[in-house]
2 protein chains.
Amino acid sequence: MGKLDFSPIADTTRRAEIVALLRRAILTGQLEPGQKLNELRIAEQMRVSRAPLREAMRELVQEGILTSIPYAGTFVIDVTAKDIDDAYSLNKVLDEFAIELTWKLRDERFFDELDRRHEAVKQATRDLDTTRQIETALQLHGLIYEWADNSVLLETWQRLTSRLQMYFALHQHARNEPVPAEDVHETYVRLLKGQDMRAAQRHAREHIDLDFEELLAYARSLEQRTSKGGRADRAGRTNSA
Amino acid sequence: MGKLDFSPIADTTRRAEIVALLRRAILTGQLEPGQKLNELRIAEQMRVSRAPLREAMRELVQEGILTSIPYAGTFVIDVTAKDIDDAYSLNKVLDEFAIELTWKLRDERFFDELDRRHEAVKQATRDLDTTRQIETALQLHGLIYEWADNSVLLETWQRLTSRLQMYFALHQHARNEPVPAEDVHETYVRLLKGQDMRAAQRHAREHIDLDFEELLAYARSLEQRTSKGGRADRAGRTNSA
DNA sequence: GACAAGCAGATTGTCGACAATCTAACAAGA
DNA sequence: TCTTGTTAGATTGTCGACAATCTGCTTGTC
């Protein structure tokens with residue numbers, strides 16, 4: 001009797017596919033921050049009615065990458081330097097916690113998966129596929145969250161990830177230079193395999209620092225340019241209690 | 001020239017009202033964990049069509065208090081002891097961080113608001129209104145998050161709050177005893193007004209401990225009862241990437 | 001009696017049309 | 001010229017109906 005694990009079959013609703021499509025478009029920067037999403041046009045392009053499209057948009061609003069103003073429209077969130085800074089500092093705290101939880105649960109399968117994801121990053125780097133590079137790097141980073149066995153923490157991280165990916169993609173789009181050739185993740189992986197938890201936590205902080213500092217500088221420079229032509233000044237309250 | 005600040009007017013879409021109604025029903029325990037939400041029936045009761053209702057449900061799914069299985073239905077999330085434990089441990093970490101961020105930003109307005117919310121809890125306690133007691137206690141606790149000036153952290157806390165409120169309400173419903181008469185928040189408020197940040201952080205942890213320990217014990221006992229009559233065994237994957 | 005096929009009934013997913021609201025352009029009056 | 005009222009167009013919010021899917025029962029067969 002083979003002990004085969006079947007994974008759940010794909011969600012076959014239009015809504016789910018639309019969510020995936022839109023999310024990808026936003027996270028890769030095809031839809032720019034602040035841009036308005038015209039329901040009619042998008043629905044026509046996707047050959048779908050507005051109902052599932054609107055439901056999909058509601059999901060992405062709650063996911064934090066869209067924002068909705070009643071009777072005005074749904075927009076890709078605006079990226080401010082403060083947003084990035086906020087996400088950055090929270091991420092540091094969560095990382096420390098995730099490493100702590102994961103530490104005792106590491107095993108062979110963990111190390112294997114760690115190597116696999118590390119390899120994916122290196123492959124994307126060789127291919128000069130910056131979008132995929134961001135994606136794989138975040139997946140590598142996310143392993144400690146998946147392994148921590150804390151569903152709420154994982155959810156939180158995934159929400160954060162959406163934004164981080166968007167921020168990084170935005171950054172990449174601007175300066176179209178491929179990211180550093182040297183492997184910045186080498187040390188991270190090595191420490192996660194080692195015995196010194198504190199050292200791993202410390203490095204996670206500093207490693208993130210590196211990426212973010214550059215990102216922040218870019219965001220701040222953007223802020224200068226944008227401030228003159230600011231759009232919607234209405235407070236986009238979406239999560240009113 | 002009067003310098004009057006107008007707050008944004010209320011959202012006047014049916015969708016927003018439905019979200020509020022449903023959320024309240026769930027968080028107060030009127031809708032029980034695991035219960036299925038029949039769209040047609042709810043829509044009729046609310047005198048609303050299914051479109052805005054479904055959009056509202058999509059929001060609550062992303063908010064984490066509903067879960068959806070395509071072509072099967074949308075259900076109130078099931079509460080497991082592990083969920084509570086997960087939320088509990090993450091909350092400790094976030095509390096520590098929130099206090100750290102808030103600490104330097106405390107001012108007169110902060111202390112006033114702290115007192116105001118503390119008073120609200122005491123009032124609810126006097127009224128023996130357990131539901132409101134939970135609500136106000138969480139609002140008191142949430143002040144440090146609102147004050148921390150980190151939007152991502154605040155969002156995270158609000159998501160967590162939804163669940164916590166649901167868990168506590170569930171607990172209260174079961175044992176219909178009014179919560180401790182003595183004021184467990186006295187110390188918390190005093191420490192937040194003091195000068196010793198570490199002490200405040202430490203107390204936040206231990207104070208939460210108290211409430212949660214009881215909650216956890218209850219959840220575990222529930223688990224025993226429920227395990228025999230388990231419902232949907234399909235993996236309710238909702239956030240497939 | 002056990003089991004598979006097939007058939008209602010109910011429920012969710014999707015569609016196209018209508019109503020409510022916003023925006024911008026234009027006209028009228030101080 | 002500036003402000004205010006009006007109107008037309010576009011877009012979002014909502015509705016009622018239809019299609020796709022699931023569930024449980026019935027039927028027929030062995």
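Within every chain, numbering begins at 1; the chains are lettered A, B, ... in the order of the sequence lines, protein sequences first and strands thereafter. Not measured: the values here are computed from a predicted model.
Summarising the local packing, CD of Gln123(A) is surrounded by more than 12 heavy atoms from other residues, nucleotides or ligands at distances under 6.0 Å.
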Query raised in the report: When every nucleotide of nucleotides 8-21 of chain C is labelled 5' to 3' by its protein contacts under 4.0 Å (heavy atoms), B for base, S for sugar-phosphate only, - for none, what sequence of letters results?
Result: ---SBBBB-B---S
**Report entry** Residue pair Trp147(A), Asp107(A): steps toward the side-chain contact (heavy atoms from CB on, under 4.5 Å) verdict
**Finding:** CA-CA 10 Å; Trp147(A) 221 262; Asp107(A) 57 8; 3.5 Å; yes
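With hydrogens and angles ignored, the 3.5 Å screen pairs no side-chain donor or acceptor of Asp127(A) with any backbone N or O of Asp129(A).
Ion pairing between Glu44(B) and Arg50(B) fails under the 4.0 Å rule for side-chain N and carboxylate O.
In terms of the side-chain contact (heavy atoms from CB on, under 4.5 Å) criterion, residue partners of Ala120(B) (sequence neighbours excluded) are, by chain and number, Thr136(B).
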